[in-house]
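These numbers were taken from a predicted model, which means no experiment stands behind them. Quick note on labels: first sequence line is chain A, next is B, and so on, each numbered from 1.
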Amino acid sequence: MADYTPQSIEQKWQARWTASGAFEVEVDRSRPKFYCLEMFAYPSGHAHVGHVRNYMIGDIVARLKRMQGFNVLHPFGWDAFGLPAENAAIKNKLHPETWTLANIAHMKGQLQRLGISYAWGREIATCLPDYYHWNQWLFTRMLEKDIAYRRRSSVNWCPSCLTVLANEQVIDGACWRCGTQVTTRELEQWFLRITQYADELLDATAGLSAWPEKVLTMQQNWIGRSTGVQATFPLVDPVGPLASGETTRGLEIFTTRIDTIYGATFVLLAPEHPLVDAYLAGPEHAAKREVVAKFRAQDRLARMSGEVEKEGVDTGRFAINPFTAERVPIWVANFVLADYGTGAIMAVPFGDQRDFEFAKKYGLPIRAIVAPAEGDSVDPKAVDPATMSEAFAGYGRSIDSGPFSGLPSKDAWQKMADHAEAKGIGTRSTQYRLKDWGISRQRYWGTPIPVVHCPVDGIVAVPDEQLPVELPKVKEFTGQGDSPLAHIADWVNVSCPKCGGPARRETDTMDTFVDSSWYFYRFCDPKNNALPFSPEAVRYWGPVDFYSGGVEHAILHLIYSRFFCRVFRDLGFVDHDEPFARLLTQGMVLKDGHVMSKSKGNVVDPDDMIQKYGADALRLYVMFVAPPEKEVEWNDSGLEGSFRFLARVWRAVEPLSETLRGASPASFAGLDLDDAHRALRRKTHQTIERVSGDLYPRAHLNTGIAALMELVNELYAFTDKIGVTKQGRLTGVELGPATRAVLAECLEALVLMLSPFAPHMAEELW
RNA sequence: GCGGAAGUGGCGGAAUGGCAGACGCGCUAGCCUCAGGAGCUAGUCCGGGCAACCGGGUGGAGGUUCGAGUCCUCUCUUCCGCACCA
């Protein structure tokens, strides 16, 4: 009997799979398709077992679906643009492309040594012009449809390094490299109008029944729709013109609690609100301006450090509450956000905890406007402005609210909104937390934004036939300056595509999340050089049936992709609304209680484990240790256990394979089965049912493996009885036809069911 | 603060409302062996009993049900996400 030696078996089969292109697929309308995808990888250098767990999960599903007769698309590629490559370039004086391509080569080898069944013929890397060409093409379409637009926005700027910083490079408000306090700079930047799809993106989450609840909730919160009323508080001292050029007679506020407007005893402006500068312009306000300037600087730090004391500045001016007709003071408050709603709020200290604290601190009036509902056992002192210690944010019955007094709060809400609309005071309005997506990056290693700035024609898109705008080769990376591309004169200076006059290229590049927002479509038609993909190819393959990856992409990547899907749909390129039918978020692999990372020195390299136990044992262990969604702690003896199980399967199957060749019967009719025969058959068939059910769509891979282990235990009990030795040899016993048939059926089923998990060994035994 | 998920042996974890702890790790004993860090067999929630078996047991307290780890209410704890969103 040959021992189980995984290394030689695995190399043999991997070579065959590669040579025969075993996992390459074409459109075949006679067969049902299955698109199995794992989130593509950032080529950081070496994949550890935490990374490859995801690829194993996808591979089990892909191999299972192939066995079930589906035409399975299972591709892989590289999310290859991004900051780490540029940083490595600065540090090692290498070109980012050199660094990136070397990493890709190594990681691809790692995946192949794991036996992941990818259609490598469809491999893509987003940093190659073949791919980013279509980012540019799509950007141009978005420009035409007014989905891409330009406006001023602030970026992080390190005054010492003289460079723009990504948010990740700002640590506690300071530059990651030199520790200098980071400031902001206003730059013209490109945005994608994702908010145009906010309602659809939110409402459609209800239909994503095969997504984790957690991810849907996170997306819903991120989009953050709230419905309310936008109302105008007339200004006692109209101002104008403002920086924006217009005159202002009234202050626009947004509220979700219009029913409490009779309790709005003051209004608050965000420090960045244009009225602030208008009201605090004179030299007598220098001190107040200084406080406001402090608020503006606070904003960025507040996010990092958490709690900031609520503070305000009195502008000394007044607005008119349109419902009470009373004068209410206008204050500036550090906790009011400029980029949500209108950047100004009506403050109702009775009903809002923040306003309550603010009113207490500055001695502003508190007026009770809601009484607790009947049956609410609320201490009267808790709703008496004289004695209450916190705001009463509940609903109940309106009081002291003019003609609306006595109404239940919810009815008052509608009536007051109606009143506001009838009197021209305000309108019902919906606000979102979701912001348009700023995609400009002042970086080299990304997709050049395909526009030209012409002094005559303004912004001109680079014509399709001149795409791709390729990244110029840069010799040296210093990390200094704004956009690295701005310093390459012969790349920047072009003639305007419209008038032919001298013009300059856009020197910003795109956020790398653009690359990953549609790559799953490119896989359907990766060699297309006329379009990002043919609509026919995606009509067959799309949408992705099974998508797995880390939960850290629950918000950004998975919302952007849903957004791009709809853009492509509206361009007539895809006919579905959602790109990913089923989503699985795999748990991380911890070592010594921590996430694996190079800096912690706790990474487990799959190649080390393959060398010791083989890829099959590694795959089996990682799938068996816990359900795929769960976080797991790495454990060497568990891996040994999986190796032992495979060796046990090997000893059960390999010695009998010659003896039982051709023994699998077409029918069991006429065979004389005893109780032991029947018991093994029953177990075999029960296992088939359990494993089939566990693997998909449940993806309970761990219990599927447990079922196989039970079958093997039963099999050993059976072979013991019929005289197979512990070493797997038959002790001269002649096997009867019933025994041969039952054994052959069991062993074949076992090998087949094992093959998604341990494909190399299964192939060899088969 | 808001939202989500989860609490089951020494450990990882199983249980369409129907025998709690499958399967594995670890541990114990036996067999095999020159040897075992290989392999095989048996045992391994707690209390009682030689045993068949009996009683208890899924963070805590109630409830629904013939029957609850599972469903409902309250509560405690942990992890995760968002966090001054008006």
Restricting both atoms to N or O, compile the protein contacts to nucleotides 33-36 of chain B shorter than 3.5 Å, with distance only.
none

Kindly state each residue pair satisfying salt bridge (Lys or Arg N to Asp or Glu O under 4.0 Å) with at least one member in residues 685-705 of chain A, sequence neighbours excluded.
-> A/R690-A/E710, A/D694-A/R698

For A/S398, which residues count as a side chain to side chain donor-acceptor pair (under 3.5 Å) partner, sequence neighbours excluded?
-> none

Summary of salt bridge (Lys or Arg N to Asp or Glu O under 4.0 Å) pairs that have at least one residue in residues 210-227 of chain A, sequence neighbours excluded | A/D199-A/R225, A/D203-A/R225

Taking the chi torsion of B/rG9, is it syn (within 90° of 0) or anti (everything else)?
-> syn

In the structure shown, which nucleotide is the Watson-Crick or G-U wobble counterpart of B/rA61, with both distances under 3.5 Å?
-> B/rU73

Tell me whether the OP1 or OP2 atom of B/rA38 has a side-chain N or O from A/R651 closer than 4.0 Å.
-> no

Interface with RNA chain B, restricted to residues 342-353 of chain A and to heavy atoms under 4.0 Å | A/I345

Taking N or O atoms only and anything under 3.5 Å, show me the protein contacts with nucleotides 78-81 of chain B, one pair per line.
unit_1	atom_1	unit_2	atom_2	d
B/rC80	O2'	A/K214	NZ	2.9

Set of side chain to side chain donor-acceptor pair (under 3.5 Å) partners for A/Y547, sequence neighbours left out | A/Y519, A/H557

Note: A/R296-A/E272 ion pair, threshold 4.0 Å (strictly below) | no

Counterpart residues, side chain to side chain donor-acceptor pair (under 3.5 Å), relative to A/T256 (two or more places apart) = none

With sequence neighbours left out, write down each residue that passes ring-ring contact (aromatic ring centres under 6.0 Å, His included) with A/H273, or none if nothing qualifies.
-> none

Is the NZ or CZ atom of A/R651 both under 6.0 Å from the centre of the six-membered ring of A/Y4 and within 45° of that ring's axis?
-> no

Can you pull the salt bridge (Lys or Arg N to Asp or Glu O under 4.0 Å) pairs that have at least one residue in residues 253-270 of chain A, sequence neighbours excluded?
-> A/R257-A/D259

Under a 3.5 Å cut-off for both distances, is B/rA29 Watson-Crick or wobble paired, and to whom?
-> B/rU41

Going 5' to 3' through nucleotides 15-29 of chain B, assign each nucleotide B (protein heavy atom under 4.0 Å from a base atom), S (under 4.0 Å only from sugar-phosphate atoms) or - (no protein heavy atom that close).
-> S------BBSSS---

Identify every side-chain donor-acceptor pair in residues 548-555 of chain A under 3.5 Å, counting partners at least two apart or on other chains, and give the distances.
unit_1	atom_1	unit_2	atom_2	d
A/S548	OG	A/N54	OD1	2.6

